[in-house]
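Below you'll find the structure, written out as structure tokens, and then a few comments.
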Amino acid sequence: MTTKSSPGTLTRPAGVEIAYEVSGSRGPVILLTHGFTVTLRMWDPTVAALVQAGWRVVTWDVRGHGLTATPEEPSLYSLDRVIDDLAALLDHLELDQVVMGGLSFGGYLSLAFWVAHRDRVQALVLADTGPGYRNADAREAWNQAAVERAADIDARGVTALESSGAAGSNAAVQGQVGFDRHRSLAGLSLAVRGFLTQHDGRVMEALPKIRVPTLILVGEQDEPFRKASDVMTAKIEGAEQVVIPDAGHVANLDQPEAFNQALLGFLKRFR
């Protein structure tokens with residue numbers, strides 16, 4: 001099914017232009033954020049199912065990704081700036097409160113946004129993601145891996161994206177995440193260095209305080225995030241976890257029907 005989406009741009013300070021799409025013209029709103037090094041295109045099958053079920057869906061390209069224009073200035077790439085972008089996007093669309101969801105980095109961002117703006121989050125959908133690290137040594141190991149990933153993008157360009165595992169190893173899945181949408185691989189590399197790296201334990205420390213309905217989705221084969229999903233399920237009061245059979249890190253594309261069924265089942269309470 002083809003879903004009609006309305007693209008738009010939001011002007012932010014310092015020459016940043018956020019690209020976004022709104023799909024559906026009625027119903028409650030869910031905002032979905034993509035994972036690192038991919039784009040809003042990764043959500044297309046999910047958006048189609050949500051719109052058919054009566055939802056209005058907002059997707060967007062994070063700084064350094066997709067069609068979002070971000071100058072090649074390192075100071076512009078920080079988690080706090082991305083959180084501010086998300087709040088500004090809600091203001092721009094005149095949305096007081098939404099269901100906030102994301103996959104991989106998008107899930108982490110959704111949690112970080114709740115920490116900063118909890119009154120604007122009706123519920124959380126966290127897919128193939130984790131809450132970061134409270135332990136400094138573990139956080140440093142993660143950051144080193146991020147820096148190496150950025151260097152690989154600098155050296156090999158799109159080839160590095162295709163072999164990174166960020167979109168899984170399935171060529172069909174990689175064809176759906178929108179690698180061809182990136183306007184600047186230099187900006188993407190700066191984003192990896194700037195806000196894929198982590199500098200505090202704010203998200204992990206906030207988990208026990210979350211009091212909104214929370215759905216945690218994880219691919220059965222996404223081993224790096226199975227344990228993280230268990231940690232979030234244990235620490236977030238009332239959180240529900242669904243393991244998507246035969247799915248890897250991009251569960252919504254690996255097994256779209258199972259993913260959409262679990263998501264729509266959770267969202268019924270908000271209709």
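In this pair, F270 and W55 present their aromatic rings perpendicular. The plane angle is above 60°, beyond the 30 to 60° band.
With respect to R12 and E17, no salt bridge is recorded, no charged nitrogen being found less than 4.0 Å from a carboxylate O.
Pairing each heavy atom of S110 with each of L124, the nearest pair is O-CD2, 3.8 Å.
Other residues, nucleotides and ligands contribute at most 12 non-hydrogen atoms within 6.0 Å of the CZ atom of R26. Residue-environment remark: CD (E73) exceeds the threshold of 12 foreign heavy atoms within 6.0 Å.
Between the side chains of T68 and W60, no donor-acceptor pair of N or O atoms lies under 3.5 Å. H249 and S104 share a donor-acceptor pair across their side chains, judged by distance under 3.5 Å alone. Checking R193 against S189 by side-chain atom types alone, a donor-acceptor pair falls below 3.5 Å. Looking at D119 and Q97, their side chains never bring a donor and an acceptor atom within 3.5 Å of each other.
Using a 4.5 Å heavy-atom threshold, the side chains of Q176 and M42 count as separate. In this structure, the side chains of F266 and L217 stay at 4.5 Å or more apart for every pair of heavy atoms. The closest side-chain heavy-atom distance from R269 to P213 is below 4.5 Å.
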Candidate pair D61 and R183, rule salt bridge (charged side-chain N to carboxylate O under 4.0 Å, His left out), full reasoning
CA-CA 11 Å; D61 288 331; R183 63 190 300 164; over 6 Å; no
Verdict with supporting geometry, Q241 and D230, side chain to side chain donor-acceptor pair (under 3.5 Å)
CA-CA 8 Å; Q241 182 184 139; D230 290 342; 3.2 Å; yes
Go through the steps for H92 and Y20 under the test ring-ring contact (aromatic ring centres under 6.0 Å, His included), then give the verdict.
CA-CA 11 Å; H92 176 68; Y20 68 88; 5.6 Å; yes
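Applying side chain to side chain contact (heavy atoms under 4.5 Å, CB included) to V98 and the options V58, L90, L93 leaves one that passes, L90. Among T159, D152, D154, the single residue meeting the side-chain hydrogen bond (donor to acceptor under 3.5 Å, both in side chains) criterion with R156 is D152. Checked against L32 for a side chain to side chain contact (heavy atoms under 4.5 Å, CB included), the options V99, N252, L40, L50 give a single hit: L50.
Residues H65 and F36 place their aromatic rings such that the two centres sit under 6.0 Å apart.
Side-chain N or O atoms of W142 include none that pairs as donor or acceptor with a backbone N or O of G132 at under 3.5 Å.
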